[in-house]
Amino acid sequence: MIQDTVTEDLLLRQPKFIAYLFATVLVCFLIFDPSQSIIGHLLEPALGEPDKSGLYGRFVTSFMLAVLMVLNLLAISLIPNFRLQVISVWIELLILFLSFFYSFDLSFEFIRSKIWFMVTQGIFTTLYVSAISIVIASFIAIIGAVAKMSSNGFAYAIASFYTSFFRGLPLLMQVYLIYLGFPQIGYVIDAVPAGIIALSLCYGAYMTEIFRAGIMSIDAGQWEGSRALGFKFSLIMRKIILPQSIPLIIPPTGNQFIAMLKDSSLVSVIGVWELMFLARTLGNKTFNHMEMLITAAMLYWMMTMVLELIQSRIERKYQKRQSR
Amino acid sequence: MIQDTVTEDLLLRQPKFIAYLFATVLVCFLIFDPSQSIIGHLLEPALGEPDKSGLYGRFVTSFMLAVLMVLNLLAISLIPNFRLQVISVWIELLILFLSFFYSFDLSFEFIRSKIWFMVTQGIFTTLYVSAISIVIASFIAIIGAVAKMSSNGFAYAIASFYTSFFRGLPLLMQVYLIYLGFPQIGYVIDAVPAGIIALSLCYGAYMTEIFRAGIMSIDAGQWEGSRALGFKFSLIMRKIILPQSIPLIIPPTGNQFIAMLKDSSLVSVIGVWELMFLARTLGNKTFNHMEMLITAAMLYWMMTMVLELIQSRIERKYQKRQSR
Amino acid sequence: NTAYAGGVLDKIMSTKTIKIATDANWPPQSFINDQNEMDGFDVDVAREIAKRMGAEVEFITPNWDVITAGNWYGRWDMHVGSMTPTKQRAEILSFPAVYYYTPAAVAVHASSGIAQLSGLNGKKVGTGTGTTFELYLQHDLIIDAEGAPAFDFQIDNAEIRSYETSVIALDDLRLGDGVRLDGVVSSLPTILEAIENGYPLKVVGSPIFYEPLAVTVDLGDSELNEKVASIVASMRADGVLSTISKKWYGVDYATVK
Amino acid sequence: MSKTNQKVKQPIISIKEMNKYYGDFHALTNIDLEVNIGERIVICGPSGSGKSTLIRCLNRLEAHQSGSVNVNGVELHQHMKDIDKVRSEVGMVFQHFNLFPHMTVLENCTAGPMWVNKVPPVEAHEIAMRYLERVNIPEQADKYPAQLSGGQQQRVAIARSLCMNPKVMLFDEPTSALDPEMVAEVLDTMTDLAQSGMTMIVVTHEMGFAKQVADRVIFMDEGKIVEANEPIAFFENPQSQRTKKFLSQVLVH
Amino acid sequence: MSKTNQKVKQPIISIKEMNKYYGDFHALTNIDLEVNIGERIVICGPSGSGKSTLIRCLNRLEAHQSGSVNVNGVELHQHMKDIDKVRSEVGMVFQHFNLFPHMTVLENCTAGPMWVNKVPPVEAHEIAMRYLERVNIPEQADKYPAQLSGGQQQRVAIARSLCMNPKVMLFDEPTSALDPEMVAEVLDTMTDLAQSGMTMIVVTHEMGFAKQVADRVIFMDEGKIVEANEPIAFFENPQSQRTKKFLSQVLVH
Ligand SMILES: Nc1ncnc2c1ncn2[C@@H]1O[C@H](COP(=O)(O)OP(=O)(O)OP(=O)(O)O)[C@@H](O)[C@H]1O
Ligand SMILES: Nc1ncnc2c1ncn2[C@@H]1O[C@H](COP(=O)(O)OP(=O)(O)OP(=O)(O)O)[C@@H](O)[C@H]1O
Ligand SMILES: [Mg+2]
Ligand SMILES: [Mg+2]
């Protein structure tokens with residue numbers, strides 16, 4: 001998207017818009033009745049029991065919230081620096097979410113007692129299963145992509161059957177089929193290898209399409225240029241095409257890796273103690289589900305953000321190299 | 001990938017390659033010992049009890065299998081038409097997989113008695129939950145994409161927080177948070193709406209990136225051409241940019257829809273009777289899990305293939321229009 | 001197709017280790033404790049069985065689906081996880097010994113006016129999917145194990161809500177009377193545990209049925225079956241089962257009242 | 001700057017002391033230029049000299065950082081209200097045509113009048129056909145741009161601009177993406193337009209066109225206007241060394 | 001066909017009765033052409049006439065359907081064994097350079113010798129520097145293609161081909177993607193190469209270059225060779241109507 005060179009006046013500088021905004025927010029709050037929710041409870045000292053303060057309480061709470069919200073927006077809009085503005089909105093949203101979590105009456109004591117185990121056992125397992133799987137999946141994907149673009153009937157048929165089948169089946173089913181099915185033809189495999197095989201095959205199928213798109217996006221001129229020099233197919237692929245398609249392959253692969261972090265939780269059905277399994281299990285005895293679920297959610301989110309950071313670093317490195 | 005104009009001699013026309021192939025296959029079979037597996041049992045009449053036929057049985061089975069396999073490959077390679085070749089490999093692979101399933105000793109009686117219910121109840125629920133969610137997700141994605149590309153600090157911050165958060169959290173966690181969390185702030189929602197909200201929010205986040213890529217891929221010249229005529233932003237977006245980015249958005253969106261078909265199974269944790277839930281439930285009483293899992297897998301696969309077909313139709317329609 | 005069956009006992013004896021499958025999500029029968037180790041009633045029973053076989057125990061926690069699919073191929077040797085022996089299950093697995101009986105009960109919200117089981121007729125009742133509780137609500141439950149007391153179906157035409165586990169059903173019931181559910185059928189110990197942890201629930205009436213729960217092994221190793229049967233019998237005879245039950249439930253569930 | 005050859009002494013575009021930066025890069029330096037109604041101006045200069053940047057500042061596809069740009073009496077700046085109106089009065093033809101590929105030729109031409117000027121469909125259709133006839137391709141009205149040759153596409157782009165009834169037309173190397181045989185047909189169309197009295201600013205390397213049509217030729221280098229003169233004087237008696245060198249290289253081939 | 005101006009009567013390329021189809025479209029019809037060692041040929045013709053297709057058939061970037069194409073004594077066909085060898089002996093320079101953007105200029109030039117001819121790195125480096133000097137850009141060796149101007153990139157492309165020590169060089173509109181000022185430097189390099197006796201087949205619209213360098217000029221239209229002659233005869237006395245029309249349009253601008 002190309003930004004225009006003429007920017008419209010900021011809406012939050014127009015008194016009419018602010019009035020509208022305030023009215024809308026107020027009506028929303030009145031309809032959704034915050035006095036019953038956690039915010040109402042926070043205002044309890046001022047208004048008394050929310051259940052009893054009735055319409056008056058409802059209106060006062062809503063009014064105060066609406067004023068607060070509009071003032072807050074105005075304050076943020078005064079920040080001149082784009083980055084700072086973004087960061088402050090992020091922080092506010094984060095606080096909002098955390099207070100949403102807080103409304104669950106969480107036992108932080110409990111979280112503290114479990115978090116170390118979740119990190120060492122859960123995150124470790126999740127990460128190593130995912131990392132091994134994504135590497136295998138990438139190899140499968142390269143072969144699959146070349147096969148799908150080939151004019152050889154066998155290669156095309158096998159690759160297309162593979163991608164159709166493994167994209168078509170739910171991952172859980174694949175885990176079961178490999179774990180329960182392989183013994184039927186005589187080979188018993190353990191839970192972790194079975195999980196890794198299932199994840200690799202499934203993601204290999206999705207990533208075949210990514211690699212195919214990456215390879216296809218390279219200008220035909222690169223093939224012609226290389227062929228005209230007398231390069232052979234595998235040389236062209238390794239030295240010319242794949243290196244150039246890496247910048248195009250990395251973003252969707254990063255996405256896949258992030259998705260896999262979460263999908264790897266499916267291997268818990270065959271008894272692997274990864275993060276999600278622990279989240280659903282550890283809190284059971286003392287009925288602290290929510291604590292564990294939210295902790296795991298935060299851990300996943302953190303992992304995702306770290307991965308996104310790494311991804312953007314790699315992307316930038318490649319972009320720099322190619323367009324100096 | 002650009003095909004070269006010089007094709008190498010088909011490997012299967014070279015006697016040396018065939019000999020190598022045969023030897024490799026034979027060794028593989030010898031190592032993995034098919035006489036213990038289902039194939040061994042099929043050959044039982046000829047060789048007697050697999051357990052007892054020993055090394056001799058193992059060798060004979062392997063040899064016969066290797067001969068069969070190489071002959072089969074040769075037969076297929078003689079088919080002159082690419083399509084027919086592909087179709088026959090597909091059929092063979094399909095038979096192979098079905099016989100793999102067959103080795104589970106399935107009760108087809110049981111499958112027959114349940115399949116109608118799985119289709120009417122399970123597929124119906126799966127499809128309608130997914131379809132509603134993908135539509136909502138697309139709307140979210142358009143707004144998210146525009147916000148993420150905007151120079152407005154608020155819009156950018158909210159959109160980036162949204163995508164980071166909802167891509168970062170496992171979908172299961174989102175389902176739980178919405179289903180169990182919303183009541184905490186005073187609003188009780190049903191399982192199906194909760195599932196749809198969770199799926200829409202999560203996929204909306206992933207699809208924001210898809211739409212962003214689609215919009216960005218449109219040549220800057222289209223923006224300049226439209227601006228030079230005096231079009232306003234929303235007009236450019238609706239009439240010029242989005243219609244042109246549809247062909248680029250459809251393939252990844254199709255992928256997402258296929259993935260969603262399977263992810264929608266997560267709403268089963270809160271008691272929605274979709275396909276996966278039925279698969280895991282119907283067989284429980286009589287311990288016919290495998291029957292139900294495989295049936296569900298086949299149904300998912302069929303749905304996927306139908307969707308892929310529809311997708312390629314739509315893609316072709318758009319491609320045709322734009323490049324006549 | 002049962003490559004290891006028959007040799008399971010030999011294998012346990014020669015390696016001096018036994019792999020026991022159980023659930024990690026089923027307190028107080030089996031769960032992960034504060035030390036992040038397996039703990040609970042089933043786990044203690046499993047440990048005792050292993051001790052009496054002279055083997056080290058190693059726990060494995062696959063999904064219920066995977067366990068009940070049968071054909072374990074020696075991935076684990078035994079399952080001690082409160083499985084109800086039914087005739088159909090006996091075609092796939094074998095149940096050498098019943099080691100306790102749990103009462104199944106009905107919970108309602110603390111503020112509920114329902115005082116009798118019949119009060120739930122036609123109401124929304126939640127439970128875990130594929131459980132005997134669900135079968136009970138469907139009037140499909142048959143308990144054919146020896147020593148199990150007879151029972152009646154006391155709730156008619158309930159609108160059954162099946163969850164992945166009945167614990168999520170309890171979470172829903174907790175939201176308020178009739179908000180999502182009017183009642184939940186689960187095992188009495190689980191319900192009591194929830195109440196103890198502050199869930200605003202109460203138990204209605206007396207237990208609706210007693211469910212015999214057995215040690216499970218793969219088909220085909222009769223020596224192992226005999227060995228397990230004799231160990232469980234001796235544990236019952238010398239009162240160890242009762243002691244473990246009292247430790248976890250405060251009551252003796254090892255024998256039917 | 002010399003303003004020798006004005007037909008009507010009424011400026012429609014007036015640029016004063018204008019400077020433009022891309023980040024740190026000083027793309028245009030102290031540009032002063034007045035264009036009168038009906039005047040035809042050709043801008044030439046080496047690659048990267050700022051020719052495109054200059055004419056893109058005239059309908060604010062690019063923002064300038066200092067000085068003033070005044071188009072048809074409206075001052076262009078970041079917070080102006082009616083940029084869309086100014087743009088609809090300034091037609092622009094790009095090197096790569098920038099037609100809308102998902103719309104037919106006719107739809108390309110009616111979009112502007114209908115969506116911006118709120119002309120009713122029937123009338124917009126008439127306008128579009130009138131200008132498609134003027135550029136000699138009325139028979140292509142129902143085709144898609146991709147079905148036309150480059151020269152035809154560029155003529156559609158010209159017609160699309162004309163449909164908005166612009167006061168000025170800007171051309172940015174309109175023939176440099178065309179095959180040699182198609183250059184002629186587009187130049188003919190442009191010559192035609194010039195003879196009808198349209199105010200035009202044309203960036204081009206087609207020196208034949210400049211000699212034939214221009215009232216003034218402007219030579220740019222490194223973001224500055226180096227020389228501006230009537231075509232005959234410009235080609236036969238270039239003042240600066242840089243201009244001489246450039247002309248020698250361009251005219252040889 | 002006339003073969004008047006051969007320097008050594010030894011054909012290195014010989015095409016006989018060659019036909020080429022894209023699906024149903026007959027792109028080249030009954031092409032007959034012999035090129036002798038040391039000969040310089042310029043091919044011109046309107047867009048879509050099959051010029052690119054013809055020279056791309058010479059190193060089998062395109063497959064022909066009937067007739068024969070013989071390059072350096074090797075017959076080109078679908079099941080041939082050593083197409084890579086033929087290609088490494090035929091250098092090709094493309095309109096859009098087709099340099100490898102992820103490799104430096106030097107790496108672009110050493111890749112061919114090292115990977116195809118198995119030349120040791122040190123020697124490949126020497127070869128590369130020799131030809132980079134020949135095209136006058138040894139100082140750019142460590143830059144990436146994107147850091148160079150169009151003219152410099154095209155000269156790197158020429159050097160890259162020369163590093164393979166080719167017997168023939170094919171050029172497909174090597175200057176038509178360049179800015180006017182950069183055309184000269186590439187044409188100079190090519191003229192230089194021609195004077196050193198390299199066998200060259202050049203598709204171009206630069207008629208000045210054709211007049212100065214070519215031994216024969218070939219005019220194509222609609223997939224056929226319409227006219228082939230020495231340059232002076234070709235330009236001053238074109239035989240066919242089509243040629244006359246084409247020349248009038250190309251030479252005017
Ligand atoms: N978006 C941009 N960001 C940074 N620099 C730019 C941008 N657009 C143009 N430039 C630089 O500004 C200078 C002038 O560019 P401009 O496109 O106006 O040149 P030009 O005279 O039109 O050249 P050409 O004949 O190649 O079109 C060039 O050095 C160019 O690199
Ligand atoms: N891959 C292809 N598939 C189908 N038709 C093609 C293909 N490549 C070229 N053609 C057609 O073959 C004809 C000759 O094309 P070619 O590129 O050889 O022309 P040309 O003389 O090089 O033209 P130009 O000057 O535009 O490069 C054209 O009509 C073109 O549309
Ligand atoms: Mg320009
Ligand atoms: Mg060409």
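Numbers restart at 1 for each chain; the letters A, B, ... are given by sequence-line order, proteins then strands. Note that these values count all heavy atoms, side chains included, but never hydrogens, waters or copies made by symmetry. Quick caveat: nothing in here was measured; it's all calculated off a predicted structure.
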Contact origin within B:Leu84 toward chain A - heavy atom pairs under 4.5 Å:
neither

Is the A:Phe154-B:Trp90 ring centre distance short of 6.0 angstrom?
no

Rounded to the nearest 0.5 Å, how far does CG of A:Leu172 lie from OH of B:Tyr300?
9.5 Å

Yes or no on side chain to side chain contact (heavy atoms under 4.5 Å, CB included) for A:Arg167 and B:Asn255, after CA distance, side-chain angles and deciding distance?
CA-CA 9 Å; A:Arg167 291 202 305 166; B:Asn255 259 345; 2.3 Å; yes

Value rounded to 0.5 Å, distance of CG in A:Leu293 from CD in B:Gln174:
12.5 Å

Please report the shortest heavy-atom distance between A:Leu177 and B:Ile294, naming the atom on each side.
CD2-CG1, 4.1 Å

Under 4.5 Å from any heavy atom of chain A, what part of B:Leu94 do you find: side chain, backbone, both or neither?
both

Top contributor to chain B interface from A:Arg212, A:Met276, A:Met298, A:Met303 [non-hydrogen pairs under 4.5 Å]:
A:Met276

Aromatic ring pairing B:Tyr156/A:Phe82, orientation class (parallel under 30°, perpendicular over 60°, tilted between):
tilted

For a quick test of reading the model, state the closest non-hydrogen atom pair linking A:Ala157 to B:Leu93 and the distance between them.
O-CD1, 4.5 Å

Flag side-chain contact, heavy atom, 4.5 Å: A:Leu171 against B:Lys262:
no

Could you tell me which residues satisfy side-chain hydrogen bond (donor to acceptor under 3.5 Å, both in side chains) with A:Gln311, sequence neighbours excluded, listed by chain and number?
A:Glu315

Please determine whether side chain to side chain contact (heavy atoms under 4.5 Å, CB included) holds for the pair A:Trp223 and B:Asp4, giving the CA-CA distance in whole Å, both sets of side-chain angles, and the decisive distance to 0.1 Å.
CA-CA 9 Å; A:Trp223 285 97; B:Asp4 204 344; over 6 Å; no

Measure from the side-chain N and O atoms of B:Gln3 to the backbone N and O of A:Met149, and report whether any donor-acceptor pair falls under 3.5 Å.
yes

Pair A:Leu169-B:Thr304, side chain to side chain contact (heavy atoms under 4.5 Å, CB included): steps then yes or no:
CA-CA 8 Å; A:Leu169 255 54; B:Thr304 306; over 6 Å; no

With a 4.5 Å cut-off on heavy-atom pairs, point out which of A:Ala296, A:Pro170, A:Pro252, A:Ser217 contacts chain B the most.
A:Pro170

Check: A:Ser164 main-chain N/O paired with B:Trp301 side-chain donor or acceptor under 3.5 Å:
yes

Side chain from CB out, backbone as N, CA, C, O: work out which of these in A:Ser265 comes under 4.5 Å of a heavy atom of chain B, or both, or neither.
neither

